[in-house]
Amino acid sequence: MNLLIIALATYGLITTDHLIRKIMCLAIIESMIILAFLGVGYAEGGLAPLLSPGEQIPMVDPMPQALMLTAIVIGVCFNALALAFIVNLHRQTGRLNASEFHD
Amino acid sequence: MTEAALILLFPFVPLFAAVAALALHSLVRRDISIAALRGSAAAQTAVGLALIVRFLGVAGEVRRPISLWNYAIEFAFDSSRTPFLMAYLCPLLFSLSRLRQLTSPSLRLAMLFYLGGCSGLLVTGDVFNFFVFYELMIMAAYVLVAARGRFYASVKYMLLGAISSCFLLAGIIAFYATGADLGIPFAPEFYARPVAHQAWVYTLFATAFFIKSAFFPVHSWVATCHAASVPMISAFLGSYTVFTGIYGLYQRVLRPAAVTGFVPIFDWLETLALLTMLVPSAAVFLEKDFKRCIAGSTVVTMGFVGLLLARGYPKAATFYVALHAVYKSLLFHLTDDLVIAGGIVQGRGRTLAALAVAAWMASGFFPAVIWFLKYDLIEAHAGLRAAALISSAFVAGGFLKFRYARHDAAPRTALPVAGLMALFMVAASFPWYRPVAAWKVMLELSTLATIVWLAERWRRQEGGWRWTWEGRLFPNLNVELLMPLLLFVSGLAFVVARRL
């Protein structure tokens with residue numbers, strides 16, 4: 001399912017001409033990658049990774065969760081910054097279509 | 001101070017300076033951003049030089065966890081990172097006298113975060129923190145590129161940068177799924193996995209780093225960002241930021257691939273490197289904007305460095321990185337001392353002299369140090385010699401097609417002299433000089449003479465200035481965003497086909 005959504009979002013990224021939609025497609029791709037990473041650390045029937053001394057219980061891998069929390073923060077910062085620049089670009093040029101921009 | 005303490009201190013200096021400046025600005029409305037930037041640069045230069053002195057030529061890696069916790073993040077350093085550290089320190093030192101180009105406190109704070117990201121990359125001990133520091137660096141770079149209100153350049157950089165980060169993150173997942181931890185060097189679990197799994201990891205990482213280091217056909221952001229930025233930022237982008245991609249490629253793809261003898265990745269790199277030498281060099285020859293010309297020559301350099309790495313000359317490649325940082329940051333900073341209009345480049349005599357030396361280095365003709373660096377490579381293969389000559393000729397022609405004139409009202413600064421001194425100091429430490437056959441020197445110089453003649457004719461043809469190759473290759477942003485995907489798909493197909 002993750003791969004299908006990534007493929008759809010990639011298709012959207014390539015075919016849509018609107019810059020804000022492109023950012024949305026990128027955000028979807030990034031979210032799917034994060035979900036996939038969490039899936040790698042998933043354990044069937046595993047509990048939250050809170051250790052107690054001497055206790056042996058199946059738990060999910062805490063590493064992907066810790067890492068992806070950072071990736072989510074980075075993603076939010078990226079989206080905020082990208083949208084701010086696109087708003088400024090629109091104010092400057094009155095355009096939002098990627099096909100209208102070139103060097 | 002011990003090596004471990006220096007490694008730990010290095011990335012935190014600019015970050016502490018940024019937090020201190022931000023806190024003072026918020027609490028007592030006092031702007032100390034310039035002092036923080038200067039202090040941070042001076043402290044980092046001292047720490048960086050100490051690291052270079054202690055690690056140059058010394059085998060082995062020093063690792064240092066940031067806390068006493070068993071699972072704490074680790075920083076690391078070894079001698080293979082010293083050329084990249086030099087490439088970072090060079091634009092940092094040159095920019096000390098030009099900090100006023102960053103006109104507001106917020107831009108100077110962004111610069112401090114940018115420096116924190118850059119230096120964190122150099123000492124990171126695992127793949128995920130490489131990603132985190134890279135994002136910190138590039139996020140600040142987006143803001144700095146937009147400093148002069150050229151938002152299009154920043155948006156383009158952001159879109160390509162985000163695509164590259166998605167590939168990097170996907171590579172990290174594929175890597176983690178092997179059961180290995182994320183540390184560097186890679187754990188044995190990774191090498192024990194089937195070749196197909198390794199191929200996915202290498203291809204995802206390589207695609208991410210090709211975009212970050214601006215290999216053809218994902219190089220178009222370089223010229224756009226350089227033309228839009230102030231010279232100080234262009235110098236950092238051109239002499240360090242693009243090389244972080246090469247650094248990642250070397251540390252995360254080529255070194256592990258060499259361990260397992262995974263040859264297809266080297267073949268793919270060689271193909272891309274040759275294209276990166278040839279296509280953007282033709283664009284440099286046709287380019288009418290001086291700063292874009294310098295940016296184009298950076299992309300050509302990536303091709304040379306990629307070729308050296310693909311053919312198994314990592315020491316030459318990393319020395320090239322350090323040397324390139326000197327002349328490229330000099331070239332970009334010098335544009336601030338020049339008056340450029342209508343294809344005429346005007347400046348003071350010593351500025352033009354420094355420009356000529358740096359441009360000669362960029363083109364790589366005999367007897368520039370770079371020519372000796374690629375000597376073994378071009379000796380091994382006649383086709384590579386031809387490719388190197390053609391790309392060097394195009395880059396030289398790109399600079400020669402402009403008309404140069406003295407202009408006594410142009411800015412007078414100490415940078416040309418300081419830059420030339422730095423260039424000669426690095427060149428003097430170069431260990432690969434050797435006697436050369438006369439016919440090889442004649443071949444180089446006659447190619448240069450031909451390109452001088454062609455550039456003169458080109459300059460007279462007014463129509464030539466209006467035609468750009470890159471404009472036809474990449475007509476709009478949609479086409480440019482398609483390129484990373486094409487690169488990944490073609491790379492995967494190439495790697496799989498070669499492996500079968």
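Here the structure is a predicted model, which means the values were calculated and not measured.
Of the atoms belonging to B/Val132, heavy atoms from both backbone and side chain fall under 4.5 Å from chain A. Neither the backbone nor the side chain of B/Ile138 comes within less than 4.5 Å of any heavy atom in chain A. With a 4.5 angstrom heavy-atom cutoff, B/Val479 does not touch chain A via any of its atoms. Of the atoms belonging to B/Leu485, it is side-chain heavy atoms, and not backbone ones, that fall under 4.5 Å from chain A. Residue A/Ile6: no heavy atom, backbone or side chain, is found under 4.5 Å from chain B.
Other residues, nucleotides and ligands contribute at most 12 non-hydrogen atoms within 6.0 Å of the CE atom of A/Met24.
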**Asked** Does the pair B/Phe151 and A/Ile86 meet the rule for a side chain to side chain contact (heavy atoms under 4.5 Å, CB included), with working shown?
**Response** CA-CA 7 Å; B/Phe151 294 106; A/Ile86 289 171; over 6 Å; no
**Evaluation steps, side chain to side chain contact (heavy atoms under 4.5 Å, CB included), between B/Ile233 and B/Met111** = CA-CA 9 Å; B/Ile233 301 305; B/Met111 188 70 201; 3.6 Å; yes
**Request:** Show the numbers, then the answer: is there a side chain to side chain contact (heavy atoms under 4.5 Å, CB included) between B/Leu15 and B/Leu136?
**Result:** CA-CA 11 Å; B/Leu15 295 176; B/Leu136 175 62; 4.0 Å; yes
**Request:** May I have the step-by-step check of side chain to side chain contact (heavy atoms under 4.5 Å, CB included) for B/Val242 and B/Leu237, ending in yes or no?
**Result:** CA-CA 6 Å; B/Val242 286; B/Leu237 289 179; over 6 Å; no
Check every N and O of chain A against chain B and note each donor-acceptor pair under 3.5 Å, with its distance.
| residue | atom | partner | partner atom | Å |
| --- | --- | --- | --- | --- |
| A/Asp17 | OD1 | B/Asn478 | ND2 | 2.7 |
| A/Lys22 | NZ | B/Asn478 | OD1 | 2.7 |
| A/Asp61 | OD1 | B/Tyr176 | OH | 3.4 |
| A/Asp61 | OD2 | B/Tyr176 | OH | 2.4 |
| A/Gln92 | NE2 | B/Gly149 | O | 2.5 |
| A/Phe101 | O | B/Leu477 | N | 3.3 |
| A/Asp103 | OD1 | B/Thr224 | OG1 | 3.2 |
| A/Asp103 | OD2 | B/Lys156 | NZ | 3.0 |
| A/Asp103 | OD2 | B/Thr224 | OG1 | 2.7 |

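The most heavy-atom pairs under 4.5 Å with chain B, out of A/Leu89, A/Leu19, A/Ile34, come from A/Leu89. By number of non-hydrogen pairs under 4.5 angstrom with chain B, the leading residue of A/Val73, A/Ile29, A/Leu81 is A/Leu81. Chain B forms the most heavy-atom pairs under 4.5 Å with one residue out of A/Val40, A/Ile74, A/Ile23, A/Leu13, and that residue is A/Ile74.
Rounded to the nearest 0.5 angstrom, B/Phe128 CZ and B/Leu169 CG are separated by 6.5 Å. The line from CG of B/Leu102 to CG of B/Leu144 is 6.5 Å long, rounded to the nearest 0.5 Å. Rounding to the nearest 0.5 Å places CZ of B/Phe12 at 4.5 Å from CZ of B/Phe75. From B/Phe131, atom CZ reaches atom CG of B/Leu168 across 6.5 Å, with rounding to the nearest 0.5 Å.
Taking the six-membered ring for Trp and the full ring otherwise, the centers of B/Phe209 and B/Phe130 sit less than 6.0 Å from each other.
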